Amino acid sequence: MTSGTDRRRLRLPCALITFWLAGCNMTTGLVSSPRTPVEQLLLTQSLLRSLDNVSLPLRPGESVAVETAWAPTHADFAGDRLYAEAVLISWLARRGAVIAREHPTYRIRVLLHAFGLEKNHAFFGIPAIQSLVVPFALPEFTLYQKIHDRGYTRLSLDIMDEGTGRLVAAPSPVEATVYYVRYTVLFVFSWKSTDLIPPPLP
């Protein structure tokens with residue numbers, strides 16, 4: 001049989017385990033709220049870095065028209081598509097292509113297989129509590145927190161002769177990711193890690 005002293009000794013470890021389990025939280029999902037400046041940078045740089053791996057079989061001075069398409073999503077991301085198309089047009093123009101809306105030599109169809117943000121949030125500690133018994137809220141007590149934001153782009157290009165509709169080239173799909181991670185330990189020590197170039201202002 002377990003004595004009263006042994007039971008009292010077990011209370012503290014059990015309480016600590018209960019506290020730890022109650023304060024653990026790990027979530028992963030898409031970012032659907034209005035984007036912060038850092039999230040906008042993640043999205044833009046993931047797209048530009050994916051284009052760094054594109055082999056474009058066009059000569060400077062050739063005229064092109066650009067159109068984009070992507071798989072349907074659960075939300076309306078039409079603005080993202082327009083922005084991605086604007087980035088692609090600027091990227092082509094910087095490489096000597098002439099952007100022509102009428103009678104281009106080539107039409108480039110860009111398929112955005114993926115273009116968006118993901119968030120991973122790990123939290124260990126006591127979340128902020130709004131008490132109904134006492135007239136004040138208990139602040140959050142963070143033992144460890146990691147917030148990982150990632151921009152991800154995967155795309156492919158089909159280059160077609162505008163006059164004949166013939167497929168001229170179809171480079172292999174390319175992809176790129178960019179991350180921004182924030183850490184907090186013991187609610188006062190915090191730091192950041194990122195591969196954004198240049199890093200965001202503090």
Side-chain angles (χ1 to χ4, degrees), residues 28-101 104-121 146-183 192-201:
T28 301
L30 298 175
V31 176
S32 57
S33 59
R35 295 193 179 111
T36 66
V38 169
E39 290 170 347
Q40 294 171 30
L41 290 172
L42 291 172
L43 199 62
T44 300
Q45 287 201 16
S46 70
L47 176 56
L48 290 172
R49 290 188 192 182
S50 70
L51 293 171
D52 288 342
N53 301 316
V54 172
S55 177
L56 196 65
L58 295 177
R59 292 171 297 183
E62 292 183 317
S63 61
V64 300
V66 179
E67 60 183 40
T68 58
W70 61 14
T73 63
H74 64 284
D76 181 12
F77 290 120
D80 290 359
R81 175 178 168 181
L82 291 174
Y83 176 71
E85 186 171 303
V87 171
L88 290 160
I89 289 173
S90 295
W91 178 80
L92 286 165
R94 291 176 182 179
R95 277 151 185 79
V98 177
I99 309 303
R101 296 186 179 274
T105 304
Y106 298 104
R107 181 169 297 273
I108 300 179
R109 178 171 295 143
V110 182
L111 302 179
L112 290 164
H113 304 277
F115 180 54
L117 296 166
E118 294 178 331
K119 183 181 289 289
N120 184 294
H121 185 195
K146 176 184 176 182
I147 303 175
H148 187 154
D149 291 316
R150 185 178 78 147
Y152 178 68
T153 298
R154 180 184 176 92
L155 60 84
S156 62
L157 292 83
D158 292 332
I159 304 173
M160 293 165 286
D161 185 284
E162 180 69 4
T164 64
R166 181 176 59 89
L167 182 66
V168 176
S172 299
V174 294
E175 62 185 343
T177 63
V178 187
Y179 70 87
Y180 183 79
V181 188
R182 288 159 287 169
Y183 299 91
K192 301 170 184 175
S193 175
T194 183
D195 61 350
L196 282 167
I197 301 174
L201 295 174

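Keep in mind the model is a prediction, meaning the values are calculated, not measured.
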Enquirer: Does the side chain of F115 come within less than 4.5 Å of L155's, by heavy atoms?
Expert: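 SC-SC contact between L155 and F115 ruled out.
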Enquirer: Rounded to the nearest 0.5 Å, how far does OH of Y179 lie from CG of L42?
Expert: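 The distance works out to 11.0 Å.
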Enquirer: Determine the minimum heavy-atom distance between Q45 and D195, stating which atoms define it.
Expert: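 Nearest heavy atoms, Q45 then D195: OE1-O, 4.4 Å.
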Enquirer: What are the two closest non-hydrogen atoms of V64 and A97, and how far apart are they?
Expert: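 Looking at all heavy atoms of both residues, the shortest contact is CG2-CB, 4.0 Å.
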Enquirer: Could you work out, with side-chain hydrogen bond (donor to acceptor under 3.5 Å, both in side chains) as the rule, every residue matching Y152, not counting sequence neighbours?
Expert: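 side-chain hydrogen bond (donor to acceptor under 3.5 Å, both in side chains) list for Y152, sorted by chain: E175.
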Enquirer: What pairs with S193 under side-chain hydrogen bond (donor to acceptor under 3.5 Å, both in side chains), at least two apart in sequence or on another chain?
Expert: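 Applying side-chain hydrogen bond (donor to acceptor under 3.5 Å, both in side chains) to S193 gives none.
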Enquirer: Would you give the length of the straight line joining atom CG of L58 to atom CD1 of I159, rounded to the nearest 0.5 angstrom?
Expert: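 These two atoms lie 4.5 Å from each other.
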Enquirer: Given side chains that start at C-beta, do those of V54 and W91 come closer than 4.5 Å, heavy atoms only?
Expert: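 When only atoms from C-beta onward are counted, W91 and V54 do touch, with a gap below 4.5 Å.
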Enquirer: Drop me the distance from E67's CD to L88's CG, to the nearest 0.5 angstrom.
Expert: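 CG of L88 is found 12.0 Å from CD of E67.
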Enquirer: Report yes if the side chains of R35 and D80 come closer than 4.5 Å at any heavy-atom pair, otherwise no.
Expert: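 In contact.
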Enquirer: Using side-chain heavy atoms (C-beta onward) and a distance below 4.5 Å, is V178 in contact with L196?
Expert: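 Side chain of V178 against side chain of L196, heavy atoms only: contact under 4.5 Å found.
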Enquirer: Would you tell me whether S63 and T105 have side-chain atoms, one donor and one acceptor, within less than 3.5 Å of each other?
Expert: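 Yes, side-chain donor-acceptor contact under 3.5 Å.
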Enquirer: Kindly compute the distance separating OH (Y106) from CG (D161), expressed to the nearest 0.5 Å.
Expert: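 The distance works out to 6.0 Å.
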Enquirer: Contact between I147 and V181 at the side-chain level, heavy atoms closer than 4.5 Å - yes or no?
Expert: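 A side-chain contact under 4.5 Å is absent here.
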Enquirer: Side chains of L56 and L92: closer than 4.5 Å at any heavy-atom pair?
Expert: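 Answer yes - side chains close enough.
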Enquirer: Could you tell me the separation between the CZ atom of R182 and the NE2 atom of H148, rounded to the nearest 0.5 Å?
Expert: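 Here the interatomic distance stands at 10.5 Å.
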Enquirer: Quick one: pull up CG in L41 and CG in D149 and give me the separation to the nearest 0.5 Å.
Expert: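 L41 atom CG to D149 atom CG measures 11.5 Å (nearest 0.5 Å).
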Enquirer: Which atom names give the shortest non-hydrogen contact between P57 and A169, and what distance separates them?
Expert: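 The pair with the smallest heavy-atom distance is CG-CB, 3.5 Å.
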Enquirer: What pair of heavy atoms forms the shortest contact from S46 to T153, and how long is it?
Expert: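 So the two residues come closest at OG-OG1, 2.8 Å.
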Enquirer: Can you name the residues that form a side-chain hydrogen bond (donor to acceptor under 3.5 Å, both in side chains) with T194, not counting sequence neighbours?
Expert: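 If we apply the side-chain hydrogen bond (donor to acceptor under 3.5 Å, both in side chains) test to T194, skipping adjacent residues, there are no hits.
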Enquirer: Heavy atoms only: give me the nearest T177-R49 pair and the separation to one decimal.
Expert: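 Heavy atoms only, the tightest pair is O-NH1, 4.2 Å.
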